[in-house]
Amino acid sequence: MEEENSLIKIRKDKLNEIRSELNINPFPYNYTVTHHSSEIIKNFDDSAPSEAEVSAAGRIMTVREMGKASFCTIQDRDGRIQIYVAINNVGEQNYKLFKKLDIGDIIGVKGTVKKTKTGEISIFATSLTLLSKSIRPLPVVKEKDGEVFDAFADKELRYRNRHVDLIVTPGVKETFIKRIAIIKHIKKILDGKGFYEVETPVLQPLYGGASASPFTSRHNALDMTLYLRISLEPYLKRLIVGGFDRVYEIGKCFRNEGIDRTHNPEFTMLELYQSYADFTDMMAITEEIIEQTAIAITGGTTIAYEGKEINLKTPWRRLKVVDALKEYAGLDVMAMSDADLAAEVKKTGAEIKGDFIWGLAIDELFKQLVEEKLVQPVFITHHPVETTPLCKPDYSDERFLQRFELFINATEIANAYSESNDPVFQRTTLYEQSLRRSVDEEAPPMDENFVQAIETGMPPTGGLGIGIDRVVMLLTGETSIRDVLLFPTMRPQD
RNA sequence: GGGUACCUAGCUCAAUUGGCAGAGCAACUGACUCUUAAUCAGUAGGUUCCGGGUUCGAUUCCCGGGGUACCCA
């Protein structure tokens, strides 16, 4: 148990005094709230002040005591409002209670709404009710004219104590409310197009749909290993086979890899699959999702991010991987020998796992030399066939795929395919991929049940994956994934 | 995986060349019936992230460990 500091001791003593001296239950069961702070301020009519009583509740954030009349500010679900507490209005017992309250306590207030002499709309309290006594002190953040003093600045403490961060750091709650709105809006768009939202297994006997190391867990009763999914793809495709012709899922995926500004071990993906569609249909859906959501959240299609201006107005540019290499890196990879390609890869400092493979070399060069330059939205298309076994080759040149990745602000936001549905081809490519496990530990194992599903017959299908956390970062201006995850993964403290 | 920086009171931060560990806010006591970063007077509050080492003496220098942030692969 944590050692008790003196501030907590003092607050526990006050808690006992409230019970024993004032005969007040510090943790009552409910309280009737008639108005929230923002409504009170919005509804206030200076020309005809109402004498009607309002009842509000919230957490005490500031206290200014002055003898027999004091001010405090409470914070509720959507803002703050000042409370005027005068002994003449609330009575002696209530005022004694007020003197024992601390920043962080949750109170209910009844009173009338008026402006103070200095013009601040306030509740002139007629009674106070303690709703919950706080015994652990909050960081004290002061604010004047929008300027914040003594901000709760230690990111480690903020992430480890997000409940505190949400209370005291301006804007944090708003970011997460935006996240909620973004996801809601995306669902609305897809629901409107006749997509069914489904839930597929998080715990899986085999994993696939991406190249990544999984988290491993164990089922005791079945005495078996289970993996946390690395993508949503394998089960959503089974549903396409099963006759759901349009499905999507927004859910957590888990990848056992490092943590940085754009990676958290658990993150949220949207994947959708549409029967009878191809990757160009997926481009149209991607454009609609991002553009329309940006308009709904930010009010327009131009967003400022890290000092750059990003224009999300559609349609977006489409550029083949090999053309992007020509344009941004000055490399005509189609005219280069394998040896030249290998030498270029080596120059970038990257390494190719296993033997030289033409398509993977081109993919690596793209990642190393081009990605960082793709600030405005662009669909990068036609990756080499070796980059994934789950996508159809393009009929006009079978060395390349009917695939795109969407880049915005040098970050991969979406990835889409004309999904592979030739079962003979699919069995071969997945088997070959599983063999790569000897040189690439991220290559997923062979999934016989998945191949059998494809063998049953999957319609031509367009598939799309969107990194929700990255979309939220883009639309909220946050530069770290940790600032758009309520509870980012942290190492244990001790 | 590599590099750099940071970790001091509940919070935000100081501490000169290695020389008594400090301030503001918060807390506590008192004054104050329209304050708003309230004000005024006073009081208290520390395992300087952890473990070693050098030294008469370490928050400071060295080694190891932990955590976080930023940059790079």
Side-chain angles (χ1 to χ4, degrees), chain A residues 2-14 17 60-75 80-92 94-95 98-105 111-125 134-161 164-165 167-170 213 256-263 306 345-353 364 367-369 371-372 441 479-483 488-494:
Chain A
E2 185 183 66
E3 210 169 308
E4 199 169 277
N5 72 46
S6 63
L7 295 176
I8 290 183
K9 167 113 182 39
I10 288 164
R11 286 185 173 214
K12 278 189 174 173
D13 289 346
K14 284 189 191 173
E17 288 160 18
I60 298 176
M61 298 305 294
T62 67
V63 177
R64 291 176 291 281
E65 273 191 33
M66 301 173 303
K68 296 189 172 61
S70 303
F71 291 89
C72 68
T73 310
I74 61 169
Q75 176 167 292
R80 292 185 179 190
I81 185 149
Q82 179 171 262
I83 314 294
Y84 178 60
V85 185
I87 194 166
N88 287 355
N89 300 338
V90 298
E92 208 168 304
N94 260 204
Y95 206 76
F98 180 76
K99 291 264 188 187
K100 292 202 184 295
L101 297 182
D102 292 298
I103 289 171
D105 292 352
T112 53
V113 181
K114 292 176 199 160
K115 266 192 180 171
T116 61
K117 277 182 189 167
T118 51
E120 180 160 348
I121 299 166
S122 309
I123 300 177
F124 283 59
S134 160
I135 62 168
R136 185 173 292 274
L138 290 170
V140 179
V141 178
K142 302 231 171 188
E143 235 182 314
K144 189 191 185 183
D145 302 330
E147 196 179 347
V148 177
F149 301 83
D150 298 334
F152 187 37
D154 187 317
K155 286 204 165 195
E156 180 176 0
L157 287 178
R158 289 181 49 208
Y159 297 145
R160 288 190 194 282
N161 302 287
V164 174
D165 193 33
I167 294 167
V168 306
T169 308
S213 300
N256 208 334
E257 59 195 11
I259 296 175
D260 64 27
R261 235 159 45 85
T262 54
H263 294 86
E306 289 180 310
V345 172
K346 202 171 174 194
K347 260 205 298 198
T348 68
E351 57 163 326
I352 291 188
K353 292 169 183 163
E364 195 61 44
K367 283 183 179 152
Q368 297 298 330
L369 303 173
E371 279 191 11
E372 61 182 8
E441 60 187 17
T479 56
S480 168
I481 195 170
R482 293 188 147 191
D483 291 318
T489 304
M490 301 291 283
R491 284 197 163 97
Q493 227 158 348
D494 299 308

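So that the names make sense, note that chain A is the first sequence line, chain B the second, and so on, each numbered from 1. Computed from a predicted model, the values in this text were never measured in an experiment.
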Is the shortest distance from a Lys or Arg side-chain nitrogen in A:K115 or A:E120 to a carboxylate oxygen in the other one below 4.0 Å?
no
With sequence neighbours left out, which residue pairs that include part of residues 145-154 of chain A fulfil the salt bridge (Lys or Arg N to Asp or Glu O under 4.0 Å) condition?
none
Which residues pass the side chain to side chain donor-acceptor pair (under 3.5 Å) test with [X], sequence neighbours left out?
| X | answer |
| --- | --- |
| A:E17 | A:K100 |
| A:D165 | A:R158, A:R162, A:T169 |
| A:K346 | none |
| A:E372 | none |

Comparing A:R160 with A:K144, nearest RNA chain B nucleotide closer to 5' gives the residue A:K144
Both A:P139 and A:R491 contact RNA chain B. Which one's nearest nucleotide lies toward the 5' end?
A:P139
Which dot-bracket string describes RNA chain B (Watson-Crick N1-N3 plus N6-O4 or O6-N4, or G-U N1-O2 and O6-N3, all under 3.5 Å; [ ] crossing; | other strand)?
(((((((..((((.....[..)))).(((((.......))))).....(((((..]....)))))))))))).
Could you check how far CG of A:D145 sits from P of B:A37, rounded to whole Å?
7 Å
Interatomic distance, A:I259 CD1 vs B:U68 P [rounded to whole Å]
8 Å
Table of protein N/O atoms under 3.5 Å from nucleotides 26-33 of chain B N/O atoms:
| residue | atom | partner | partner atom | Å |
| --- | --- | --- | --- | --- |
| B:A26 | OP1 | A:K142 | NZ | 3.1 |
| B:C28 | OP1 | A:K14 | NZ | 2.4 |
| B:C32 | N3 | A:G67 | N | 3.1 |
| B:C32 | N4 | A:G67 | N | 3.2 |
| B:U33 | OP2 | A:K68 | N | 3.3 |
| B:U33 | O4' | A:A69 | N | 3.4 |
| B:U33 | N3 | A:N88 | ND2 | 3.3 |
| B:U33 | O4 | A:N88 | OD1 | 2.7 |
| B:U33 | O4 | A:N88 | ND2 | 3.2 |

Tell me whether A:D105 contacts the main-chain N or O of A:S134 through its side chain, where contact means a donor paired with an acceptor under 3.5 Å.
yes
Counterpart residues, side-chain contact (heavy atoms from CB on, under 4.5 Å), relative to [X] (two or more places apart):
| X | result |
| --- | --- |
| A:D260 | A:T262, A:H263 |
| A:A350 | A:V345, A:T348, A:E364, A:Q368 |
| A:S480 | A:Y159, A:R261, A:R482, A:D483 |

Which part of the nucleic acid does A:F124 contact within heavy-atom distance under 4.0 Å: base, sugar-phosphate only, or nothing?
base
Contacts under 3.5 angstrom, residues 68-75 of chain A side chains, donor-acceptor by atom type, not counting sequence neighbours:
| residue | atom | partner | partner atom | Å |
| --- | --- | --- | --- | --- |
| A:S70 | OG | A:M66 | N | 3.3 |
| A:S70 | OG | A:Y95 | OH | 2.7 |
| A:T73 | OG1 | A:T62 | OG1 | 2.6 |
| A:Q75 | OE1 | A:R80 | NE | 2.7 |
| A:Q75 | OE1 | A:R80 | NH2 | 3.1 |
| A:Q75 | NE2 | A:I167 | O | 2.9 |

N/O contacts under 3.5 Å, protein versus nucleotides 69-73 of chain B?
| residue | atom | partner | partner atom | Å |
| --- | --- | --- | --- | --- |
| B:A69 | OP1 | A:R482 | NH1 | 2.4 |
| B:A69 | OP2 | A:R482 | NH1 | 3.3 |

